[in-house]
Protein chains: 2
Amino acid sequence: MYKKEVNNFYITLKNFKQHITNLNLKNTIQKDYILKVLYFSNKHLTVEEIETELLVKHNIHISTTTIYKALKLLEKLNIISSLEVLESAKCYELNSNLPHGHLICTSCHSIIEFKDTSIDNKQLEIANTHNFTLTNQVMTIYGHCQRCQN
Amino acid sequence: MYKKEVNNFYITLKNFKQHITNLNLKNTIQKDYILKVLYFSNKHLTVEEIETELLVKHNIHISTTTIYKALKLLEKLNIISSLEVLESAKCYELNSNLPHGHLICTSCHSIIEFKDTSIDNKQLEIANTHNFTLTNQVMTIYGHCQRCQN
DNA sequence: CTAGTTGCAAATGCTTTGCACAGGA
DNA sequence: TCCTGTGCAAAGCATTTGCAACTAG
């Protein structure tokens with residue numbers, strides 16, 4: 001899978017660092033590692049999960065505050081997106097090139113991604129009809145996953 | 001508009017009261033008024049707004065806690081739905097018979113509703129493909145409304 | 001009577017902010 | 001050196017919970 005390619009990560013990281021520099025911000029290990037964790041994750045992570053991953057997989061402690069600040073920056077730069085999971089903390093994921101939706105199981109909170117270009121097009125059309133400039137879209141289907149259908 | 005019809009409201013209220021009775025719960029003025037405010041609102045309301053409406057339009061004070069509890073019940077009974085507005089309190093609205101999405105302006109936080117059956121069908125199809133039983137769907141398009149496009 | 005309900009105060013949990021100190025550029 | 005970043009502690013804010021008094025059925 002694309003996201004798991006280590007070489008691709010270094011390209012992403014290099015671009016990211018350049019981006020930070022261009023904005024007259026400072027590159028730090030904290031930002032790099034937070035990006036790294038999101039990059040190599042195959043699921044949507046909460047702040048707490050990011051903190052744990054950093055500790056367990058990379059043996060580095062980064063404060064919750066710093067993670068929040070980094071995520072806020074990454075989201076503003078359109079590098080990541082946040083997702084509201086019912087009744088719990090936000091989840092974060094690296095932006096892929098294509099818009100996509102999520103199926104969230106309200107029992108086990110598992111998240112499945114889906115893509116559908118016909119919906120994407122419809123949405124653009126709808127935004128147009130209402131003279132809206134679309135910046136972002138969230139499409140979430142709540143229900144019960146196969147395993148939770150007791 | 002349908003929702004504004006007073007006579008229809010009394011039918012809705014009667015059904016609601018029956019529903020409450022059937023569940024061995026108690027009917028109270030608080031529940032009735034909260035339903036009433038949601039029924040006659042033409043926009044999505046936050047808890048704070050509901051509280052104010054109750055006070056201003058109906059001259060009744062209902063505690064924030066009670067409103068939260070009533071809303072939780074109404075949502076569980078599938079009478080209302082909540083909507084996450086970016087970085088602020090949840091908004092509540094009476095369920096209409098048809099699923100629909102929202103366009104939210106990230107500048108002025110105004111909300112426009114839209115309906116599109118082709119998207120609804122696609123969503124059912126997607127849920128099916130993933131062996132998911134759909135209970136609810138949220139579709140939100142974020143962007144800038146006509147007025148906020150400076 | 002007796003369970004559900006109300007509403008205050010306090011707790012909770014996620015997120016943000018203030019601030020002193022550390023450290024990139 | 002300067003200004004951003006880090007991270008602790010504290011604040012903020014929407015929402016929930018504990019609990020005693022209340023009330024609908």
Side-chain angles (χ1 to χ4, degrees), chain A residues 13-14 16-37 44-52 54-55 58-77 79-92 109, chain B residues 13-14 16-37 44-52 54-55 58-77 79-92 109:
Chain A
L13 183 62
K14 202 180 147 194
F16 171 65
K17 281 170 168 286
Q18 188 59 54
H19 200 162
I20 293 293
T21 305
N22 293 345
L23 292 164
N24 284 317
L25 301 176
K26 310 269 161 84
N27 283 297
T28 58
I29 331 170
Q30 284 85 348
K31 288 189 191 120
D32 295 355
Y33 271 102
I34 291 167
L35 182 67
K36 192 168 190 174
V37 163
H44 304 67
L45 300 171
T46 63
V47 169
E48 199 188 346
E49 287 167 338
I50 293 169
E51 199 169 350
T52 307
L54 286 164
L55 207 55
H58 302 286
N59 205 41
I60 180 175
H61 174 73
I62 299 178
S63 78
T64 318
T65 311
T66 301
I67 298 172
Y68 273 111
K69 284 172 183 165
L71 292 173
K72 201 154 207 186
L73 175 67
L74 287 165
E75 197 168 11
K76 201 187 297 174
L77 301 182
I79 296 171
I80 63 168
S81 290
S82 61
L83 179 67
E84 307 271 357
V85 181
L86 231 48
E87 320 282 307
S88 56
K90 272 189 193 167
C91 287
Y92 295 85
H109 286 185
Chain B
L13 183 62
K14 202 180 146 196
F16 171 65
K17 280 170 169 290
Q18 189 58 56
H19 199 161
I20 293 292
T21 305
N22 292 344
L23 292 165
N24 286 316
L25 302 177
K26 310 265 161 88
N27 282 296
T28 57
I29 331 170
Q30 285 87 347
K31 288 189 190 118
D32 295 355
Y33 272 102
I34 290 167
L35 182 67
K36 192 169 191 173
V37 162
H44 305 66
L45 299 172
T46 62
V47 169
E48 199 187 346
E49 287 168 338
I50 293 169
E51 197 168 354
T52 309
L54 286 164
L55 208 55
H58 303 286
N59 206 38
I60 180 174
H61 174 74
I62 299 179
S63 76
T64 319
T65 311
T66 302
I67 299 172
Y68 273 111
K69 284 172 184 166
L71 292 173
K72 202 154 206 183
L73 176 66
L74 287 165
E75 198 170 10
K76 203 188 295 175
L77 301 182
I79 296 171
I80 63 168
S81 290
S82 62
L83 179 67
E84 306 271 359
V85 181
L86 232 49
E87 320 282 308
S88 54
K90 271 187 190 167
C91 286
Y92 296 85
H109 286 186

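Residue numbers start from 1 in every chain, and the chains themselves are labelled A, B, ... in the order their sequence lines are given, proteins ahead of strands.
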- Item | salt bridge (Lys or Arg N to Asp or Glu O under 4.0 Å) against Lys26(B), all qualifying residues, sequence neighbours excluded | none
- Query: Does a nitrogen or oxygen in the side chain of Lys72(B) sit under 4.0 Å from OP1 or OP2 of dT16(D)?
  - Reply: yes
- Item | Angle by which the axis turns from one end of the helix from dC1(C)-dG25(D) to dA25(C)-dT1(D) to the other, five pairs per end, to 10 degrees | 30°
- Message: Using OP1 and OP2 only, check whether a side-chain N or O of Thr66(B) sits under 4.0 Å from dT6(C).
- Response: no
- By side-chain hydrogen bond (donor to acceptor under 3.5 Å, both in side chains), which residues pair with Gln18(A), not counting sequence neighbours? Asn22(A)
- Message: Across nucleotides 18-25 of chain D, 5' to 3', mark each nucleotide with B, S or - according to how protein heavy atoms within less than 4.0 Å reach it.
- Response: B-----BS
- Task: Could you tell me the separation between the CD atom of Glu51(A) and the C1' atom of dC8(D), rounded to a whole number of Å?
- Result: 13 Å
- Task: Can you measure from CD1 (Ile50(B)) to CG (Leu55(B)) and round to the nearest 0.5 angstrom?
- Result: 13.5 Å
- Query: Just checking, is any N or O donor in the side chain of Ser82(A) or Glu75(A) under 3.5 Å from an acceptor N or O on the other one?
  - Reply: yes
Contacts under 3.5 angstrom, residues 60-70 of chain B side chains, donor-acceptor by atom type, not counting sequence neighbours:
from	atom 1	to	atom 2	distance (Å)
Ser63(B)	OG	Thr66(B)	N	3.2
Ser63(B)	OG	Thr66(B)	OG1	2.9
Thr64(B)	OG1	Glu51(B)	OE1	3.1
Thr64(B)	OG1	Glu51(B)	OE2	3.3

- Query: Can you check whether Tyr68(A) has a side-chain N or O nearer than 4.0 Å to OP1 or OP2 of dT15(C)?
  - Reply: yes
- Would you say Lys90(B) reaches dT15(D)'s phosphate, i.e. side-chain N/O to OP1/OP2 under 4.0 Å? no
- Message: At 4.0 Å (heavy atoms only), tell me whether Gln30(B) reaches a base, stays on the sugar-phosphate, or touches nothing.
- Response: sugar-phosphate
- Applying salt bridge (Lys or Arg N to Asp or Glu O under 4.0 Å), name anything that partners Lys31(A), two or more places apart in sequence or on another chain. none
- Check the distance between dG5(D)'s C1' and Leu35(A)'s CG and give it to me in whole angstrom. 17 Å
